[in-house]
Amino acid sequence: GVDPLASTKGFWAEALGVGDFYYELGVQIVHWCIATRRSNGGLADTVDVLQGVRRMRKTGAEISIDDIERAVKTLKVLG
């Protein structure tokens, strides 16, 4: 398959009108939520999401709660 994080400019980033950073962060948040759904029932505190995504990211820009919230808001248009 195609790795959405390897692309510099993808369909979803253009469709959502966001930069790659928030698109990629949104994808990572979704991956973390799917991975932890059995343990938290699909509901997680923003701080838990932040800590989980930080553990997933090995390198790169530091992320904040504000970044998490912005990335989630950009995914809202998907339903």
Side-chain angles (χ1 to χ4, degrees):
V2 176
D3 183 0
L5 300 180
S7 173
T8 58
K9 188 70 171 175
F11 169 79
W12 289 114
E14 289 182 27
L16 297 174
V18 297
D20 290 336
F21 175 78
Y22 288 109
Y23 165 71
E24 292 172 5
L25 183 57
V27 170
Q28 292 170 347
I29 291 168
V30 170
H31 280 258
W32 182 84
C33 289
I34 290 170
T36 61
R37 185 174 32 191
R38 282 193 163 199
S39 64
N40 62 23
L43 299 173
D45 185 79
T46 309
V47 173
D48 293 336
V49 175
L50 175 64
Q51 292 171 347
V53 173
R54 279 182 176 168
R55 281 192 297 271
M56 286 175 47
R57 297 167 64 96
K58 293 183 172 62
T59 61
E62 183 65 25
I63 58 172
S64 66
I65 288 179
D66 183 58
D67 293 327
I68 296 289
E69 291 171 352
R70 285 177 192 235
V72 169
K73 285 179 185 174
T74 62
L75 297 177
K76 186 177 180 178
V77 299
L78 298 177

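This is a predicted model, so every value here is computed, not measured.
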Next on the checklist: I need the minimum non-hydrogen distance between Gly26 and Ala71, along with the two atoms involved.
Outcome noted: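 That closest heavy-atom pairing would be N-CB, 3.8 Å.
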Is there a side-chain contact between [X] and [Y], using heavy atoms and a 4.5 Å cut-off?
X     : Y     : value
Arg57 : Leu25 : yes
Asp45 : Asp48 : yes
Leu50 : Arg54 : yes
Leu75 : Tyr23 : no

Next on the checklist: Tell me whether the count of non-hydrogen atoms from other residues, nucleotides or ligands lying under 6.0 Å of CZ in Arg37 goes above 12.
Outcome noted: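 No.
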Checklist entry - Is it the case that one hydrophobic cluster holds both Val47 and Met56, taking links as side-chain heavy atoms less than 4.5 Å apart, direct or via other members? => result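 Linked within one cluster.
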About how many Å separate [atom2] of [Y] and [atom1] of [X], when rounded to the nearest 0.5 Å?
X     : Y     : atom1 : atom2 : result
Glu69 : Ile29 : CD    : CD1   : 10.0 Å
Trp32 : Arg55 : CH2   : CZ    : 7.5 Å
Glu24 : Ile63 : CD    : CD1   : 12.0 Å
Gln28 : Ile68 : CD    : CD1   : 8.5 Å

Item to check | Whether Ser64 side chain and Asp67 backbone form a donor-acceptor pair below 3.5 Å | outcome: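 At least one qualifying donor-acceptor pair exists.
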Next on the checklist: Is there a side chain to side chain contact (heavy atoms under 4.5 Å, CB included) between Asp66 and Arg70? Walk through the geometry before answering.
Outcome noted: CA-CA 6 Å; Asp66 183 58; Arg70 285 177 192 235; 2.8 Å; yes
